Amino acid sequence: MSPARRCSRTACGRPALNTLTYVYADQTAVLGPLATYAEPHAYDLCDVHSERLSAPRGWEVMRLAPDPAAQGPSNDDLLALADAVREAARPIDVARSAPADETGRETHRKGHLRVLTTDPS
């Protein structure tokens, strides 16, 4: 796991919560939720520096609120995790190198992923 990103402001060691980017063509500073990846032309800011943010004269500041539904795992994420745990707990049939209760024929493999077709019975 990578260490938490820190605020881009000099001498600030607080964790970053927001990302600031500039749209020069529109003279707009956009402050939104922390970007997934650190970008070279964006600035990660802590809560204190996000609140104090001001833009150059004539520029507009756009503050994008985080989507509350996007915070934390969704129901789909939790179901996928539960399915993965169940899959990992199933006994393996060594002869077929596939889970014992699986039906079908393997037609293609890429890494750990397999494409199966069901036998018409």
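Small disclaimer: the values here were computed from a predicted structure and weren't measured.
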Is the closest side-chain donor-acceptor distance between Asp44 and Thr19 under 3.5 Å?
-> yes
Quick one: are Arg6 and Cys12 in side-chain contact, heavy atoms under 4.5 Å?
-> no
ILVMFWY cluster, Leu20 and Tyr24 together (side-chain gap under 4.5 Å) = yes
Please check if Val61 and Val30 belong to a single hydrophobic cluster, counting links between Ile, Leu, Val, Met, Phe, Trp and Tyr side chain heavy atoms closer than 4.5 Å.
-> no
Applying side chain to side chain contact (heavy atoms under 4.5 Å, CB included) between Asn18 and each of Leu34, Leu53, Leu31, Leu64, report the one that passes.
-> Leu31
What are the two closest heavy atoms between Cys7 and Cys46, and how far apart are they?
-> SG-N, 3.4 Å
Using the side chain to side chain contact (heavy atoms under 4.5 Å, CB included) rule, take Arg9 and Leu45 through it: C-alpha gap first, then chi angles, then the decisive distance, then the call.
-> CA-CA 7 Å; Arg9 295 293 301 259; Leu45 300 176; 4.0 Å; yes
Thr28 (side chain) donor-acceptor with Asp26 (main chain) under 3.5 angstrom | yes
Rounded distance [0.5 Å steps], NE2 in His49 versus CZ in Arg14 = 5.5 Å
Sequence neighbours excluded, the answer for side chain to side chain donor-acceptor pair (under 3.5 Å) partners of Arg86 is Asp83
